[in-house]
Each structure stands twice: as structure tokens, then as C-alpha cells.
Amino acid sequence: MKFRLPISIRFIFSIYAAGMLHYMLFRVVLVLTNLKAVNEIPGKWVIMAQSMLMGMRFDATINGYILALPSLILLLVNAFKALSRKSILYTQIFTCAVYIITFFGCAADIPYFNTYNTRLNITILNWADSPIFMIKLIAQERSYSMYFFLFLAVTISFIFTQRFIYRRFLQKLHDEPQTSFRAPEIAAALVFAGLLFLGIRGRIDEKSPIVPGTAFFSKYDFANQAGLNPIFTFMLSYFDSMKPEFKKLHFMPDAEAIKLAQYYLGIDSATANSGYPIARRIKNDSVQPSLNVVVVIMESMSANFIARYGNNYGLTPNLDSIAKNGIVFDNFYSAGIHT
């Protein structure tokens, strides 16, 4: 009998390919909304091509997690000649639902990245105890609507693709007689399962599976971050937050902390006030010069809000005036755009 890959393997692989393609669409949109950052990269096309390939590795990991259980069930069903229309239909419904949920995360990740310069993570749940506030925060920002429509477009595309796959394999199920798995089919199933597991692990290195740091292959932050999958970063940050060691703070004993503070501040512990052990009196006998310099430190004040750095909405008229009439030192940098 002529060897043919089992229908279950071909079916799962078709869904896998559709998932990879639609995840890549979100990455392309992310790049298009950050062309300014791309254009600042020397040899940008080579670097971004590497970033896209790296992204496929992270997409493969999420695809593998989604399809692991359906693959196992369908392979077993197929091995015992019990593959049916219902088993294919239920697999389609399950995978389609999970993919759509992840697509929503991918769409939300784009404006999130453009605001915070980092991929989706558990910080989006900081206001989960105030759902009405979260909904207003999102709904009242009109620019977010385009990403909702992106989500709808990708979802519709994926549903139609899944529908095509479903009909195609129903026909194959009708045309191809089912047989029990022989040695070639068993070998093919083992190879397929191995490749799926390798995709989930993301790397061959035995030290550890794929981690966010794997994506940082260059010295260009955007190229590195573009290779990440936002569902991967969100789930990793979520599970990390569940670890007991991250749920509690490990403070040193108070007495030890006080002694260290006294040492750093030059306080004699023997004469320190027991009620205020780190209090000290500072007396300055010299005459202080009257300098016309004011230092303003503002938490969470982004340069993106100021006209000097490209904002055209007039959000900071006083700072804009100071920047226009005073002396500005531009060469100060932060790793993020949020503070």
C-alpha cells in the first residue's frame, strides 16, 4: 500500500500554517507603525529580516501550545481508524476559539508597545479590579479603534481559512480510506510530535527552552522586540507572577537596615536618637549663592508630550515656552518612552 501522511497530521499542519501566517500579519503591522525606528537601523532590511525569522520561532511556540492537545487526540483517533467529521469539527471549533483570543492580544499589543516600548505583559491587568475604568480608558482613545478593526479583519480571514481547511479535509476523509497506523504512519506521527515539541521548546540548546532574551540578537531595541510574540511575553509574565518567590518581599531585619543607613549617612549609632535613628542635623555656615537655576523632576513625564520632540497637540504650553526660550539639553536617554 502506498504510504500517505495521515489525514490528522496534514489537517493539524494546515491549521498550524494558518496560525503562523496570521501571527505574522500582526508583526508586519507593528513594524509598519514603527517605521521611524526601523529607518534608524543601519542595514535595516537585513536586521529586520532576522527579526521576522526570530518572530517565527516565538510564533511557533504559541502555535505548538495551542495545537499540542488537539494533535495528540487526533493522532490517537486516526491511529484507531476513528477519525470522523465530528472530531475534525470539534478540533476546528476549539482551535479557532483559542486563536481568536490570542489575536485580540496581538492587536492590543501594538498600541501597548507604541506607548510603553515593551511587548504585552501582566501589567495590563493592573486595573483589572476596576473593569469599568479599563473599558473607558480603552474606548475613549479613538486611535485604538483601528487596532480593533485590525483584530476583526484578521479574525474574519482566519475563520474563512479554517472553513476552507475544514471542507477540504472533510472531502479527504470521504475519499481516502482509513487504515490502522503501520510502521511508516507511526514513524511519521512520532516525527510530527517531535517537531511540534521542538517548536514549543523553541531551541535545540539543552540548557533552557526559548526565553524573551533569545530575541535580543542585535543592539537595536526595536528589531529585538519585534521578534517577540506578545502572547508569549504575557503568559510568561503571568506565570512568573504566580511563583511564590515573586509574591513576597524579602526585607532584611530592621536593626540591620538601620545600621547600614547610619553607616551610609555618617551617623554615629552610639549617639543617635533612639526614636529617630537616622535623623541628623545639618548646619551650613557658608553663604549660599543665589543662582537662577530651577531643576524640575517629574515622574512619568514623557518627551513625547512636548512640542520640541514632535508633539503637535499643545499638551505642555509652559514647558514648550521654557524649551523655546531657554537652554535645552537633549542628550539624556531612558530605556523606555514612559518616564
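The figures here come from the full heavy-atom set of this structure, side chains too, leaving out hydrogens, waters and symmetry mates.
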What heavy-atom pair brings Gly64 and Tyr16 nearest, and what distance separates the two atoms? N-CE1, 4.3 Å
Please step through salt bridge (Lys or Arg N to Asp or Glu O under 4.0 Å) for the pair Asp320 and Arg308, ending with a clear verdict. CA-CA 7 Å; Asp320 293 343; Arg308 182 179 180 86; over 6 Å; no
How far apart are the C-alpha atoms of Asn311 and Asn304, what are their side-chain angles, what is the distance that settles it, and do they pass the side-chain hydrogen bond (donor to acceptor under 3.5 Å, both in side chains) test? CA-CA 6 Å; Asn311 189 291; Asn304 286 353; over 6 Å; no
Using only heavy-atom distances, determine whether the side chains of Asp330 and Tyr309 contain a donor-acceptor pair under 3.5 Å. yes
Strictly distance-based, threshold 3.5 Å: is any side-chain N or O of Arg119 a donor or acceptor partner for the main-chain N or O of Asn229? no
Going by atom types only, do Ser218 and Asn224 share a side-chain donor-acceptor pair under 3.5 Å? yes
Set of residues satisfying side chain to side chain contact (heavy atoms under 4.5 Å, CB included) with respect to Tyr65, sequence neighbours excluded: Thr61, Ile200
Name the orientation class of the two ring planes belonging to Phe58 and Phe232 (parallel below 30°, tilted from 30 to 60°, perpendicular beyond 60°). perpendicular
Walk me through it: do Tyr166 and Arg85 pass the test side chain to side chain contact (heavy atoms under 4.5 Å, CB included)? CA-CA 9 Å; Tyr166 173 70; Arg85 175 182 173 275; 3.4 Å; yes
Please work out whether the ring planes of Phe151 and Phe148 are parallel, tilted or perpendicular, with thresholds of 30° and 60°. tilted
Quick one: do the Tyr23 and Thr102 side chains pair a donor with an acceptor below 3.5 Å? yes
Does the distance from a Lys or Arg side-chain N to an Asp or Glu carboxylate O, for Asp175 and Lys172, drop under 4.0 Å? no
Do Leu53 and Met24 land in one hydrophobic cluster if side-chain heavy atoms of ILVMFWY residues count as linked below 4.5 Å? yes
Begin with the C-alpha distance, continue with both residues' side-chain angles, and end with the deciding distance and a verdict on salt bridge (Lys or Arg N to Asp or Glu O under 4.0 Å) for Arg10 and Glu176. CA-CA 13 Å; Arg10 285 178 279 157; Glu176 299 177 14; 2.7 Å; yes
Would you say Phe197 and Ile210 are hydrophobically clustered, going by side-chain heavy atoms of ILVMFWY under 4.5 Å? no
Is there a side-chain contact between Leu25 and Val29 (heavy atoms, below 4.5 Å)? no
One pair to check against side chain to side chain contact (heavy atoms under 4.5 Å, CB included): Tyr112 and Thr123. What are the steps and the verdict? CA-CA 10 Å; Tyr112 182 86; Thr123 59; 2.4 Å; yes
Contact check, side chains of Pro111 and Glu141, non-hydrogen atoms, under 4.5 Å: no
Has Met52 got more than 12 heavy atoms of other residues, nucleotides or ligands less than 6.0 Å from its CE? yes
Go through the steps for Tyr99 and Asn63 under the test side-chain hydrogen bond (donor to acceptor under 3.5 Å, both in side chains), then give the verdict. CA-CA 9 Å; Tyr99 273 112; Asn63 267 298; 2.3 Å; yes
Might you work through the side chain to side chain contact (heavy atoms under 4.5 Å, CB included) test for Gln92 and Phe11, ending with a clear yes or no? CA-CA 10 Å; Gln92 287 259 256; Phe11 176 62; 3.6 Å; yes
How close do Thr316 and Phe305 get, heavy atom to heavy atom, and via which atoms? OG1-O, 3.5 Å
Between Gln162 and Thr95, is there a side-chain donor-acceptor contact under 3.5 Å, judged purely by atom types and distance? yes
Among residues at least two apart in sequence or on other chains, which ones pass side chain to side chain contact (heavy atoms under 4.5 Å, CB included) with Leu76? Leu72
For the residue pair Thr118 and Asn121, establish whether any side-chain heavy-atom pair is separated by less than 4.5 Å. yes
Consider only side-chain N and O atoms of Asn78 and Ser8, and report whether a donor and an acceptor are under 3.5 Å apart. yes
Identify whether Met20 and Leu198 are in the same connected component of the hydrophobic contact network (ILVMFWY, side-chain heavy atoms under 4.5 Å). no
Just jot down the salt bridge (Lys or Arg N to Asp or Glu O under 4.0 Å) partners of Arg203, sequence neighbours excluded, or say none. Asp205
Check the surroundings of atom CG in Asp254: do more than 12 heavy atoms from other residues, nucleotides or ligands lie under 6.0 Å from it? no
Residues Lys259, Glu256; criterion side chain to side chain contact (heavy atoms under 4.5 Å, CB included); working and verdict: CA-CA 5 Å; Lys259 283 185 177 180; Glu256 183 181 349; 5.8 Å; no
